[in-house]
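Taking it in order: structure first as structure tokens, then the write-up.
Throughout, numbering of the chain's residues begins at 1 and tracks the sequence.
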Amino acid sequence: MQPGNKVLRLIGLIFSLIGAPFVMLGAIALISLSGGPYSEDQLIGGAIFTGMGAIFLILGLIFVFADRGQRHFAARMMREGTPYDAEITRAYYNSFVQTNGKSPLVLECRYKDSSGSVHLVKSKNLWEYNLLEDPTYFTARVWVEPYNPKKYYVEVIDQRPMAPADYDDR
């Protein structure tokens, strides 16, 4: 799992865990205060409490489901898209994004479609690969939506040789 996505999911979980109790407590306060001779300030306080909780809850759910949507998009493209082998033209670190002091890698690739047109595409932020150490073992495949070439997914294929496993024959 990618560190950036772990962080987003963790932030989403924290926001949701903060927001849900606020919403519940604010709603309970509004319901219990609405039937009696209470001041308007108390009702406004309950409404503000509920509103703030709702904001935290909604932000948390957005963070959680944004990552889920990215994973579903990649799976759909690999299931329904047209694959093209791509040439990696450039690999660089995206210094605008950092998690624990590390930046993700971004690939720029070039592929030729069935009509002979050359397209340039960029990958999403890649956390799990270090292509800059030895790029010879990595290739890219671009999955393109058949009727909308602006929608694509860049798959990085790791072709490093596997280390031999140590077997115990006892």
**Q.** Ionic contact status for Glu145 with Arg76, cut-off 4.0 Å
**A.**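 Yes, this pair counts.
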
Single-linkage hydrophobic cluster, 4.5 Å side-chain cutoff, [X] and [Y] together:
{"X": "Ile48", "Y": "Leu25", "value": "yes"}
{"X": "Phe63", "Y": "Phe65", "value": "no"}
{"X": "Val142", "Y": "Tyr92", "value": "no"}
{"X": "Phe56", "Y": "Val64", "value": "no"}
{"X": "Met52", "Y": "Ile14", "value": "yes"}

Is the backbone N or O of [Y] less than 3.5 Å from a side-chain atom of [X], with the two atoms forming a donor-acceptor pair by type?
{"X": "Tyr152", "Y": "Lys122", "answer": "yes"}
{"X": "Thr82", "Y": "Pro146", "answer": "no"}
{"X": "Ser117", "Y": "Asp113", "answer": "no"}
{"X": "Ser103", "Y": "Gln98", "answer": "no"}

Once you round to the nearest 0.5 Å, how far does [atom1] of [X] lie from [atom2] of [Y]?
{"X": "Leu120", "Y": "Glu87", "atom1": "CG", "atom2": "CD", "answer": "10.0 Å"}
{"X": "Arg90", "Y": "Cys109", "atom1": "CZ", "atom2": "SG", "answer": "12.0 Å"}
{"X": "Glu80", "Y": "Lys151", "atom1": "CD", "atom2": "NZ", "answer": "11.0 Å"}
{"X": "Thr89", "Y": "Leu107", "atom1": "OG1", "atom2": "CG", "answer": "8.5 Å"}

Taking all non-hydrogen atoms of both residues into account, name the closest pair between [X] and [Y] and its distance.
{"X": "Met77", "Y": "Val144", "answer": "CE-C, 3.4 Å"}
{"X": "Tyr111", "Y": "Asp85", "answer": "CB-O, 3.8 Å"}
{"X": "Asn94", "Y": "Val106", "answer": "CB-CG2, 3.8 Å"}
{"X": "Phe15", "Y": "Gly60", "answer": "CB-CA, 3.6 Å"}
{"X": "Ser16", "Y": "Leu61", "answer": "OG-N, 3.6 Å"}
{"X": "Thr50", "Y": "Ala27", "answer": "OG1-N, 3.3 Å"}

Q. Would you call the rings of Phe22 and Phe49 parallel, tilted or perpendicular, where under 30° means parallel and over 60° means perpendicular?
A.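 Parallel, since the angle between the ring planes stays under 30°.
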
Q.
Would Lys102 and Tyr93 count as a side-chain contact (heavy atoms from CB on, under 4.5 Å) here? Give the steps.
A. CA-CA 9 Å; Lys102 296 182 180 180; Tyr93 288 108; over 6 Å; no

**Q.** Arg79/Trp143 under side-chain contact (heavy atoms from CB on, under 4.5 Å): CA gap, chis, key distance, verdict
**A.** CA-CA 9 Å; Arg79 189 177 58 243; Trp143 296 84; over 6 Å; no

